[in-house]
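All remarks here apply to the structure that follows.
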Amino acid sequence: MSHYQVEGNDPCDWTDWESAGRTRGGPCGRAAGSWERYEEDAEAAASLGANAFRFSVSWSRVEPRKGKFDEAALERYARLVVRLDALGLEPVVTLLHYTHPRWFHAETPWTSTASVDAFARFAARTARALGPKARCWTVLNEPLVLVLGGFLDGQVPPGIASASDAARALDHLLAAHEAAAAQIRAAVPGAAIGVAHNMMGFAPERARNPFDRALVSVANRFYNQTLLDAFGEGRWSAYLPPFTRFAGKRPGLPASLDFFGVNFYSRLHLRFLGDGGRIGSFAYRDPLGRGLTDNGWEVVPEAFLPLLRQAASLGKPLLVTENGLADAADTKRAAFLEFHVAVLQAAEAEGLPVHGYLHWSLVDNYEWLDGWEPRFGLLELDRETLARRERPSARTFRRLASGYLGRPLPSRQGR
Ligand code: IFM
């Protein structure tokens with residue numbers, strides 16, 4: 001779960017984005033009301049047989065004014081951690097899941113080095129407040145997606161469209177990861193530090209077309225491999241045609257990471273256009289005839305294993321930090337779960353270090369630009385009463401959870 005998508009009533013940069021009419025799906029509003037219901041959600045996860053619970057901390061709640069921390073907000077997350085622990089659920093804590101406090105972009109934007117100190121301060125306060133029971137940290141969620149949407153496309157806050165700003169923002173996000181990791185390790189003995197990276201399958205629209213195939217390799221290199229290079233080698237150089245290059249060096253990054261989180265959903269089909277204006281087009285297709293998800297994504301577990309192999313080349317433990325689908329009628333979710341857990345078993349059988357699987361999501365939540373239309377929950381949310389009700393596929397999750405024994409969650413290397 002991520003804070004903004006479930007908690008409700010959390011004024012931040014994204015709320016302003018909604019008010020400015022920049023989203024398609026209406027306001028987030030009360031969301032799923034989890035700020036008041038986290039314990040109920042934790043109990044539901046435990047009753048489904050889960051042994052871990054991923055959530056994110058809202059920076060805007062914790063530091064609503066720059067440098068002024070809200071102890072009550074920190075205490076609320078600390079209470080959640082205590083409850084998770086009592087229920088036998090390992091907390092997996094994310095510190096940046098897309099949203100920022102309202103002051104952030106004006107005062108310490110990701111394009112400036114001040115962002116790194118600001119984020120490290122937030123990380124330090126949060127790690128101290130959540131304490132030793134919060135061991136597993138995915139510091140940044142999908143940093144590359146944030147950079148592409150917020151700094152290259154201008155689709156999400158802060159709404160910038162500049163390749164040079166995007167390159168700078170990525171560098172500072174990675175520096176912020178490193179600084180935050182040091183703070184967390186100082187506050188939480190034995191903490192395991194990770195990142196949650198969105199990985200996408202890519203296929204040539206025309207299987208034998210050499211230009212489509214070349215596009216696939218460029219897209220994979222840029223979208224999937226950049227962060228693997230950054231965290232593996234401490235440097236990255238990524239090219240997105242025609243005019244974007246991200247390159248940088250952070251030699252301390254590899255040592256700041258204990259595990260790599262993979263968020264996997266779908267696959268894009270690429271077609272070379274080369275018509276001057278656009279290099280290529282990309283679209284979700286359904287060549288395997290399974291039917292697209294409610295938000296039009298291909299269901300393609302076949303693309304999952306190659307991506308896990310690619311991520312494993314980093315040489316760190318892996319955690320699947322997100323995987324799921326929008327399926328309000330719940331006609332596809334059970335099979336989706338079966339397919340993807342079978343891939344995890346295949347991955348384990350070939351020795352890939354996959355330590356666990358976190359389904360996205362426990363309960364229907366606010367899906368950013370698409371609002372409330374896509375329904376990702378194992379639990380269906382009644383938007384009027386905020387009551388949760390198990391979808392039939394929750395039974396499949398329960399059965400798979402009891403049979404699928406991942407390895408213990410990653411621990412800090414060298415300890
Ligand atoms: O809901 C999002 C989540 O916030 C980040 N990863 C992808 C999910 C589905 O779009």
Side-chain angles (χ1 to χ4, degrees), residues 1-8 10 12-15 17-18 23-29 31-32 34 41 53-60 92-100 137-150 153 155-157 173 194-201 223-224 227 260-268 282 284 292-301 303-304 307 311 318-328 332-333 336-337 340 357-381 393:
M1 301 169 96
S2 98
H3 64 280
Y4 193 75
Q5 294 177 272
V6 296
E7 287 179 358
D10 177 11
C12 63
D13 60 345
W14 192 275
T15 329
W17 205 245
E18 290 165 4
T23 61
R24 296 184 286 271
C28 177
S34 292
D41 290 337
F53 187 99
R54 180 171 176 229
F55 69 96
S56 62
V57 173
S58 164
W59 190 356
S60 38
V92 180
V93 188
T94 298
L95 284 177
L96 189 76
H97 199 121
Y98 293 166
T99 73
H100 302 81
W137 298 72
T138 44
V139 176
L140 305 177
N141 180 71
E142 301 180 348
L144 190 62
V145 176
L146 173 64
V147 165
L148 296 178
D153 261 3
Q155 293 293 310
V156 305
L173 277 158
V195 62
H197 177 39
N198 187 295
M199 295 188 80
M200 177 70 81
Y223 193 83
N224 293 324
L227 281 205
F260 195 80
V262 175
N263 294 358
F264 171 72
Y265 289 90
S266 190
R267 170 168 81 170
L268 281 170
F282 54 89
Y284 294 104
L292 299 173
T293 67
D294 291 352
N295 56 345
W297 295 355
E298 182 183 5
V299 174
V300 61
F304 192 18
L307 291 171
L318 303 179
L319 188 61
V320 177
T321 33
E322 288 181 24
N323 173 246
L325 78 168
D327 179 22
K332 299 189 178 69
R333 190 171 283 102
F336 183 99
L337 276 162
H340 287 81
Y357 171 90
L358 294 158
H359 189 72
W360 190 272
S361 188
L362 176 66
V363 59
D364 288 340
N365 60 20
Y366 173 78
E367 179 58 14
W368 306 114
L369 293 171
D370 290 331
W372 287 100
E373 195 69 25
R375 297 300 186 115
F376 277 85
L378 288 167
L379 307 182
E380 181 180 4
L381 178 74
S393 58

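Throughout, residue positions are numbered sequentially from 1 according to the sequence presented. Here the structure is a predicted model, which means the values were calculated and not measured. Values below: all heavy atoms of this structure, side chains included; hydrogens, waters and symmetry mates excluded. Counting starts at 1 for both ligands and their atoms, following the listed order.
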Tabulate distances under 3.5 Å between N/O atoms of ligand 1 and N/O atoms of the protein, writing both atom names on each line.
{"residue": "ligand 1", "atom": "1 (O)", "partner": "Gln5", "partner atom": "NE2", "Å": "2.9"}
{"residue": "ligand 1", "atom": "1 (O)", "partner": "Trp360", "partner atom": "NE1", "Å": "3.3"}
{"residue": "ligand 1", "atom": "1 (O)", "partner": "Glu367", "partner atom": "OE1", "Å": "2.6"}
{"residue": "ligand 1", "atom": "4 (O)", "partner": "Gln5", "partner atom": "OE1", "Å": "2.7"}
{"residue": "ligand 1", "atom": "4 (O)", "partner": "His97", "partner atom": "NE2", "Å": "2.7"}
{"residue": "ligand 1", "atom": "4 (O)", "partner": "Trp368", "partner atom": "NE1", "Å": "2.9"}
{"residue": "ligand 1", "atom": "6 (N)", "partner": "Glu142", "partner atom": "OE1", "Å": "3.3"}
{"residue": "ligand 1", "atom": "6 (N)", "partner": "Glu142", "partner atom": "OE2", "Å": "2.8"}
{"residue": "ligand 1", "atom": "6 (N)", "partner": "Glu322", "partner atom": "OE1", "Å": "2.5"}
{"residue": "ligand 1", "atom": "10 (O)", "partner": "Glu367", "partner atom": "OE2", "Å": "2.4"}

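- No side-chain donor-acceptor contact under 3.5 Å links Glu367 and Asn295.
- In this structure, Trp360 and His97 have parallel ring planes: the angle between them is below the 30° cut-off, well short of the 60° mark.
- Qualifying salt bridge (Lys or Arg N to Asp or Glu O under 4.0 Å) partners for Asp294, counting only residues two or more places apart in sequence or in other chains: none.
- The side-chain heavy atoms of Glu322 and Asn198, taken from C-beta on, include no pair separated by under 4.5 Å.
- With sequence neighbours excluded, no residue satisfies salt bridge (Lys or Arg N to Asp or Glu O under 4.0 Å) with Asp13.
- With sequence neighbours excluded, the residues forming a side-chain contact (heavy atoms from CB on, under 4.5 Å) with Ala31 are Cys28, Trp372, listed by chain and number.
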